[in-house]
**Q** 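Sharing a structure here in structure tokens format.
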Amino acid sequence: MKGRINVRYSAEQPIQVYRGNYLESIHDVHIAIVNASGDLLAYYGDASRLTFARSSVKPFQAVPLVQSGAMETFHLTERELALFCASHSGESFHREAVAEVLAKLDLQEDDLQCGTHMPHDTASARQLMREGEEPTPVYSNCSGKHTGMLAACVKQDLDLATYRDVSHPYQQQIMNAIADISCFKRDAIATSVDGCGVPVHRLPLYNVARAFANLAAPKDDDSQGQALKRINEAMTAYPEMVAGTKRFDTDLMGAFEGRLVAKGGAEGVHCFGDKERGVGAAIKIEDGDVRGTSVAALEVLQQLGIGDETTYELLADYHVAPVLNARKDKIGRIEADFQLNVLR
């Protein structure tokens, strides 16, 4: 090859991945910061980017469950409510909680239609391999969500065999809730199928952020607001049920001691709401790589002035994330280099 090819990088490199001291990769990012009144407070990139928020909408998928009265009828706990909002690691306490709820509903594991995969929890995965066993549906990171959906269906005497269908009454209840909470027209919400087989919803990032503002600081003068309050309190009281040991959402909510309600999703989505300020944030890594989500989220929090030095020390490895090799040696880092456009 003759000559030299000059590669010019964009002036903006919001998420940077270094190998040693050399920039190896970059990830673009879109961010919206919104309050419950609908004011766009700050942004980066395209705050209106249409986005499948993936598992970040799980707290809103649980709203009709709480409104149905299933929590009281089946004596479900707040810890179990947190599990209904989870993308859990498949640790033993997650699996046991799913089994306990199914027993309360007089259902079997076979009633779960979430499919399965090897658990995120390494110890549980190794145990399965040692025993020559395949993972069952309770190991799915979405088994809590599906169990919650079944609880709502049993309570309302809705068909269990088709609970995943977008036309099912419970999925229609979810659509109504998401439209109301995000303040986005219901007919404009596009849907597809999530990894676990249930509908997934496509919204502007701005509206996802507004939904998280409403989750963090709901009006409690109606059943929907009361359900949101109950969900945010359950998630922050039991953050280990929302994700798991050494997982970002669990550690983030734990470090902020109940101030933040947070939920990540596949394809580089992360969202959180600040209860004190009543604001929500929605983040989408453009290329879908999840390794940039915690870095971006903590940079947003720091630029907004949420949290103190002690909190950031606890979360240091999520803010400037280490790049590790197969020996677990730190051989690089992932860091943020962007400035929010602050409007208010």
**Q** Drop me the distance from Ile231's CD1 to Glu78's CD, to the nearest 0.5 angstrom.
**A** 10.0 Å

**Q** Quick test of your reading of the model: are Asp39 and Arg344 salt-bridged, counting only N-O distances below 4.0 Å?
**A** yes

**Q** Angle between ring planes, Phe338 versus Tyr44, binned at 30° and 60°: parallel, tilted or perpendicular?
**A** tilted

**Q** Give a yes or no on this: more than 12 heavy atoms of other residues, nucleotides or ligands lie within 6.0 Å of atom NE2 of His27.
**A** yes

**Q** Using a 4.5 Å cut-off on heavy atoms from C-beta on, say whether the side chain of Leu40 contacts that of Tyr206.
**A** yes

**Q** Flag the pair Glu299 / Pro14 as yes when at least one side-chain heavy-atom distance between them is below 4.5 Å, and no otherwise.
**A** no

**Q** Measuring from atom NZ of Lys155 to atom OG1 of Thr73, what distance do you get when rounded to the nearest 0.5 angstrom?
**A** 3.0 Å

**Q** Rounded to the nearest 0.5 Å, how far does OH of Tyr139 lie from CG of Leu128?
**A** 4.0 Å

**Q** Ion pair present between Asp289 and Arg291, side-chain N to carboxylate O less than 4.0 angstrom?
**A** yes

**Q** Is there a donor-acceptor pair under 3.5 Å between the side chain of Asp220 and the backbone N or O of Gly225?
**A** no

**Q** Does Arg164 reach the side chain of His146, with side-chain heavy atoms less than 4.5 Å apart?
**A** yes

**Q** Give a yes or no on whether the ring-centroid distance for Tyr163 and Tyr170 is below 6.0 angstrom.
**A** no

**Q** Kindly indicate whether the side chain of Ser294, heavy atoms from C-beta on, has any atom under 4.5 Å from the side chain of His270.
**A** no

**Q** For the CD atom on Glu257, are there more than 12 heavy atoms of other groups (residues, nucleotides or ligands in this structure) within a distance under 6.0 Å?
**A** no

**Q** Walk me through it: do Asp251 and Lys246 pass the test salt bridge (Lys or Arg N to Asp or Glu O under 4.0 Å)?
**A** CA-CA 7 Å; Asp251 292 346; Lys246 296 182 179 179; over 6 Å; no

**Q** Taking the side chain from Glu109 and the backbone from Val138, do they hold a donor-acceptor pair closer than 3.5 Å?
**A** yes

**Q** Check whether any side-chain N or O of Gln172 sits under 3.5 Å from a backbone N or O of Val166 as a donor-acceptor pair, and report yes or no.
**A** yes

**Q** What pair of heavy atoms forms the shortest contact from Tyr18 to Val323, and how long is it?
**A** O-CG2, 4.0 Å

**Q** Flag the pair Lys104 and Glu100 as a salt bridge only when some basic side-chain nitrogen lies within less than 4.0 angstrom of an acidic carboxylate oxygen.
**A** no

**Q** Would you say that more than 12 heavy atoms from the other residues, nucleotides or ligands in this model lie under 6.0 Å from the CG of Asp221, or not?
**A** yes

**Q** Quick check: do Gln156 and Pro169 have side-chain heavy atoms less than 4.5 Å from each other?
**A** no

**Q** Can you find a pair of side-chain heavy atoms, one from Arg277 and one from Leu304, that are under 4.5 Å apart?
**A** yes

**Q** Where do Ser87 and Lys145 land on the side chain to side chain donor-acceptor pair (under 3.5 Å) test, with the steps shown first?
**A** CA-CA 8 Å; Ser87 297; Lys145 174 179 74 175; over 6 Å; no

**Q** Salt bridge check: are Glu96 and Arg79 linked by an N-O gap of less than 4.0 Å?
**A** no

**Q** What distance separates Asn232 CG from Met253 CE, expressed to the nearest 0.5 Å?
**A** 10.5 Å

**Q** Just wondering, do Met241 and His94 contact through their side chains at under 4.5 Å, heavy atoms?
**A** yes

**Q** For Arg126, look at atom CZ and say whether over 12 heavy atoms of other residues, nucleotides or ligands are found less than 6.0 Å away.
**A** no

**Q** Just do the side-chain contact (heavy atoms from CB on, under 4.5 Å) check on Ser192 and Arg202 with the steps written out, would you?
**A** CA-CA 8 Å; Ser192 188; Arg202 188 171 183 250; over 6 Å; no

**Q** Enter the distance from Leu315:CG to Gln302:CD here, rounded to the nearest 0.5 Å.
**A** 11.0 Å

**Q** Apply side-chain contact (heavy atoms from CB on, under 4.5 Å) to the pair Ile174 and Val198, showing each step before the final yes or no.
**A** CA-CA 11 Å; Ile174 289 172; Val198 297; over 6 Å; no

**Q** Got a sec: does the CD of Gln108 have more than 12 other heavy atoms crowding it under 6.0 Å?
**A** no

**Q** So how far is it from Leu81 CG to Tyr238 OH, rounded to the nearest 0.5 Å?
**A** 10.5 Å

**Q** If the threshold is 4.0 Å, N to carboxylate O, is there a salt bridge linking Asp249 and Arg247?
**A** no

**Q** Backbone N or O of Leu340 within a donor-acceptor pair of the Gln303 side chain at under 3.5 Å?
**A** yes

**Q** Residues two or more places apart in sequence or in another chain: which of them pass salt bridge (Lys or Arg N to Asp or Glu O under 4.0 Å) with Arg54?
**A** Asp194

